[in-house]
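Heads up: the structure comes next, in structure tokens.
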Amino acid sequence: MTRPFCAFVFFFHTLFFFCQTEKKSFVTKHITETPVIDGILDESFWKTADGPHDFQQFFPSDSILAEQPTDIKMVVSDTHLYIGITVKSVGDQWITPSLKRDFRASTGDSMSLVFDTFNDGTNAFLFGINPYGVRREVLISGGGQDLRGFNDSWDVKWKGESKIYGDYYTAEMAIPLTSFKFREGETKWRFQCYRFDLQTNERSVWHKVPQGQFLVNLAFMGDMHFEKPLGKSRTPLALIPYINTISEKDFVTDKSDTNLKFGGDAKVAIGNGMNLDVTINPDFSNVEVDDIITNLTRFEVGLPEKRQFFIDNSDLFGSFGGSRDANPFFSRRIGIANDTAGNSIENRILGGIRLSGKLNEDWRLGVLSIQTDEDLENEIASNNNTMLALQKKVFARSNVSMFFINRQSFKDYDFISREEEYNRVLGMDYNLASKDSKWSGKFYAHKSFQPDDNDGNYSLGTFLSRTTKYLNMFTDLIYIDEDFSSDLGFIRRTDVIKSATSIEKVFWPKSEVINNFNLSLFPIITWRPSLDYKKTDHDIILTSEIGFQNQSEVSFGFTNSYTFLTAEDEFDPTDTEGALTLPNNKGYHFNSVNVSYRTNSASMLSGMGKSTIGRFFNGDIFSVEGKLTLRLQPRAQLSLALNYNKISLPDPYPSADLWLISPKVDITFSKSLFWSTLVQYSNQGDNLGINSRLQWRFAPLSDLFIVYNDNYFVNQFSPRYRSINLKFTYWLNI
């Protein structure tokens, strides 16, 4: 054989190989058997089943095949998708933080499978399992371009078990087709899967994902073809009733109460792509308690939604505008109201409906309507909270979305003024996501309407980003009119023009120690139109981060800040009761430096720490924050979070030592019995809170909860509020 001919054959083979890796696919055979889901791949059909293999390394490199073998087989019946997994590594030291469902993939050995059932590169379902058979499920939205589209609060019924054989383990998964949404007669889904191997610090994917992109980015997927077209996506009627008995005492008002609550949810499938959710007298006492945050700014802090009713297709409602400054719909507003003293209290939800999902290949629809109860003692009106959202796919992965929001009180209350009777917001967004995910963006225009106030009231914004392995850039520009208002939104402040631009250069050295390092410049500037476009804020942030091969990270930063406190600003950064606020109608320049370090989160003892020192308004600041986590595999996880801020202002302005200490204990007695206790001490919030929750999952998605809450004032150490709940919830398919 001549050399030129050999070279030609080699070139052709190489070209063929790369073409294959760029467009991977496999065929999912149809079966009639029903396998036993025990983690043992002993059924005969597994020997001939096809599936993903030849994984690509994502970390530490993205240019070679994975070193640790992974083999997946898939078959489908008329009712279930069955998955068989074989995972090998260098030893038998498999790592998992606990036996509790919905684990974080990066903290242990795990396998995750992603299904884009409508082939749109926008939304997907994720199912994961680890060597101990612990499961998780996630809804992915927004193309999976960042963590904002990664929702692990979603729950659905399915089975999965694993079995460990020394240096490898096998797993079986049985996912009902009713857990997905798809078109009738479908013959192909887009598919991706990824693996964390903590014994070798390797992360691998089936379809190549370039470093610098998010691991579950839906732009990077192969195809799974079905041997037989899929039938109807039939989801049975699911009823989820609950019974909750609660005994509580408010020590401030010296009131005690014990009552029994009934209610529940219903889930109904409409066609192949739509879900109807109904809730009556919902109760969220079993939801994990929010983390307390030390807030040194003048603005509200947004906390994530954890209530199950609001989770499914939540991106249809909550992804409009800018998530940080100009989000017109923030579901946590529903069920919360202010009492006569201005304090946030629970506002009972009477009931609600939500219709959401796919109308067809290009259109998605979301309709939500929730009625809250009146509370005459606290002068809170009964309100109807309604939102309509419509989304149209355009180009490869982009979409145009429109919405209408209406918050309205239908009764005449003496304590409600004319301008508070209703609030309406109308808007349109264009969401850009290029086929290769290098370009992403958002362009939006929203307008609010209040009684006798319909002129102006705009919220406008544009965002454009380019992401590559070596250079990342984005620019974000927003304008919020001073009269724009969204009662159901998260609007940090109005009357602003804000610009944020980031330029990041990433280096990938050939080193056995350092995986990558970057340098970034991030200026943020705010102007106030009502003050003749005066610049009132800026933060110019310089950062350098180093990522090591052992997955630890260190960063260094410098921030130059400017804040102009306007005449109406009454601001005390220490939040000391009765303290003298900082002089307003004045500008403050201050600089700070910071350093942070984070260990590999999969280590038995892991941690992170950050320290900042510098000027702060007319004084100084020194802050330390950190978290230590001890994993006693696989039964227990102990953590301690600490945030300390020493603010030193000149007399007569207040100085303070602000402490936030949060120890937490998570114990998993088994895969169905969990106990967690969180203690949060904050002297800024004058609160010591204890939340202890015992959960017994006695059947799929059916639970018995015992939840104990205790709160104390810390400045004089006296009780504030105490309660104990016993809640029973059962998922019944009809």
Side-chain angles (χ1 to χ4, degrees), residues 15-26 52 54-58 62-63 112-126 138-150 181-183 186-194 204-225 273 315-316 319-320 358-364 391-401 428-444 462-476 502 504 506:
L15 180 63
F16 178 78
F17 171 78
F18 279 106
C19 288
Q20 288 295 99
T21 57
E22 285 299 313
K23 190 61 177 178
K24 287 188 170 183
S25 66
F26 62 90
D54 295 332
F55 275 46
Q56 176 82 27
Q57 194 176 89
F58 177 76
D62 65 356
S63 58
S112 297
L113 302 97
V114 182
F115 303 89
D116 177 3
T117 59
F118 280 93
N119 303 295
D120 59 9
T122 303
N123 296 83
F125 304 90
L126 181 151
V138 176
L139 287 178
I140 298 173
S141 61
Q145 296 184 111
D146 53 48
L147 280 173
R148 288 174 296 180
F150 196 83
K181 288 295 179 183
F182 52 86
R183 290 185 294 267
E186 186 62 82
T187 59
K188 177 182 75 72
W189 292 352
R190 297 175 74 243
F191 176 79
Q192 173 70 298
C193 53
Y194 61 92
S204 56
V205 293
W206 175 57
H207 189 285
K208 182 179 178 179
V209 178
Q211 284 184 327
Q213 298 285 351
F214 194 42
L215 193 57
V216 295
N217 194 312
L218 302 185
F220 309 101
M221 305 186 80
D223 293 332
M224 57 181 293
H225 297 273
D315 66 295
L316 254 177
S319 63
F320 289 94
K358 279 269 193 180
L359 292 172
N360 54 38
E361 182 177 356
D362 294 330
W363 289 92
R364 296 175 74 205
Q391 185 182 99
K392 170 70 166 64
K393 178 185 174 182
V394 295
F395 308 118
R397 299 171 60 237
S398 304
N399 62 72
V400 175
S401 302
M428 176 179 290
D429 288 30
Y430 171 67
N431 298 287
L432 167 68
S434 67
K435 188 174 182 179
D436 61 3
S437 199
K438 289 183 178 180
W439 290 97
S440 62
K442 178 186 283 282
F443 308 90
Y444 60 89
T462 178
F463 172 84
L464 187 62
S465 171
R466 179 168 172 82
T467 302
T468 66
K469 183 174 181 178
Y470 300 98
L471 184 64
N472 302 313
M473 300 180 292
F474 75 77
T475 182
D476 188 14
S502 175
E504 178 188 53
V506 186

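Hydrogens, waters and symmetry mates play no part in the numbers below; they use all other heavy atoms, side chains included. Nothing here was measured: the structure is a model prediction, and the numbers come from that model.
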### Task
Start with the C-alpha distance between Asp62 and Gln57, add both sets of side-chain angles, then the distance that settles side chain to side chain contact (heavy atoms under 4.5 Å, CB included), and finish with yes or no.
CA-CA 5 Å; Asp62 65 356; Gln57 194 176 89; over 6 Å; no

### Message
Run Phe474 and Leu464 through side chain to side chain contact (heavy atoms under 4.5 Å, CB included) and show every step you take.
### Response
CA-CA 6 Å; Phe474 75 77; Leu464 187 62; over 6 Å; no

### Message
Between Tyr430 and Val394, is the side chain to side chain contact (heavy atoms under 4.5 Å, CB included) condition met? List the steps.
### Response
CA-CA 9 Å; Tyr430 171 67; Val394 295; 3.8 Å; yes

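Few gaps surround NZ on Lys469; more than 12 heavy atoms of other groups in view lie less than 6.0 Å from it. Environment of NZ in Lys188: crowded, with over 12 heavy atoms of neighbouring residues, nucleotides or ligands closer than 6.0 Å. The environment of CZ in Arg466 is crowded: more than 12 heavy-atom neighbours from other residues, nucleotides or ligands sit within 6.0 Å.
Between the CE atom of Met473 and the OG1 atom of Thr468 there is a distance of 7.5 Å, given to the nearest 0.5 Å. How far CG of Asp146 is from OG of Ser440: 8.0 Å, rounded to the nearest 0.5 Å. We find the CG-OG distance between Leu316 and Ser141 to be 9.0 Å, quoted to the nearest 0.5 Å.
Annotation: side chain of Leu215 is not in contact with side chain of Phe220 (no heavy-atom distance under 4.5 Å). The side-chain heavy atoms of Asn123 and Ile140, taken from C-beta on, include no pair separated by under 4.5 Å. At a threshold of 4.5 Å between non-hydrogen side-chain atoms, the residues Leu139 and Phe150 do not count as touching. Side-chain contact between His225 and Ser25 is present, with at least one heavy-atom pair separated by less than 4.5 Å. With contacts defined as side-chain heavy-atom distances shorter than 4.5 Å, the pair Asn472/Val506 qualifies. Taking 4.5 Å as the limit, some side-chain heavy atom of Gln145 sits within range of a side-chain heavy atom of Ser437.
In this structure, Phe182 and Trp189 have tilted ring planes: the angle between them lies in the 30° to 60° band. In this structure, Phe191 and Trp206 have tilted ring planes: the angle between them lies in the 30° to 60° band.
Using a distance-only test at 3.5 Å, with no hydrogens or angles considered, a donor-acceptor pair links the side chain of Lys24 to the main chain of Asp54. A distance-only check finds a donor-acceptor pair linking the side chain of Ser434 to the backbone of Trp439 [under 3.5 Å]. Although no hydrogens or angles enter the test, the distance criterion places a donor-acceptor pair under 3.5 Å between the side chain of Ser398 and the main chain of Ala433. Although no hydrogens or angles enter the test, the distance criterion places a donor-acceptor pair under 3.5 Å between the side chain of Gln192 and the main chain of His207. In this structure, the side chain of Thr122 engages the main chain of Asp120 through a donor-acceptor pair within 3.5 Å.
Geometric assessment of Lys442 against the ring of Phe463 yields a negative cation-pi assignment under the 6.0 Å and 45° thresholds.
Checking Lys181, Glu186, Glu361, Lys393 one by one against Phe118, the side-chain contact (heavy atoms from CB on, under 4.5 Å) holds for a single residue, Lys181.
Across all non-hydrogen atoms, the minimal contact from Phe58 to Gln211 is O-NE2, 2.8 Å. When every heavy atom of Arg397 is checked against every heavy atom of Gly121, the shortest pair comes out as NE-O, 3.2 Å. Taking every heavy atom of both residues into account, Ser401 and Gln391 meet most closely at OG-CG, 3.3 Å. Contact detail for Tyr444 and Thr462: the closest heavy-atom pair is CE2-N, 4.4 Å. Heavy atoms only, all atoms of each residue included: Ala219 and Asp436 are closest at CB-C, 4.3 Å. Nearest heavy atoms, Val209 versus Phe214: CG1-O, 3.9 Å.
Taking the charged nitrogens against the carboxylate oxygens, Asp116 and Arg190 do have a contact shorter than 4.0 Å, which makes a salt bridge. Between Asp315 and Arg364, at least one side-chain nitrogen of the basic residue sits less than 4.0 Å from a carboxylate oxygen of the acidic one, meeting the salt-bridge criterion.
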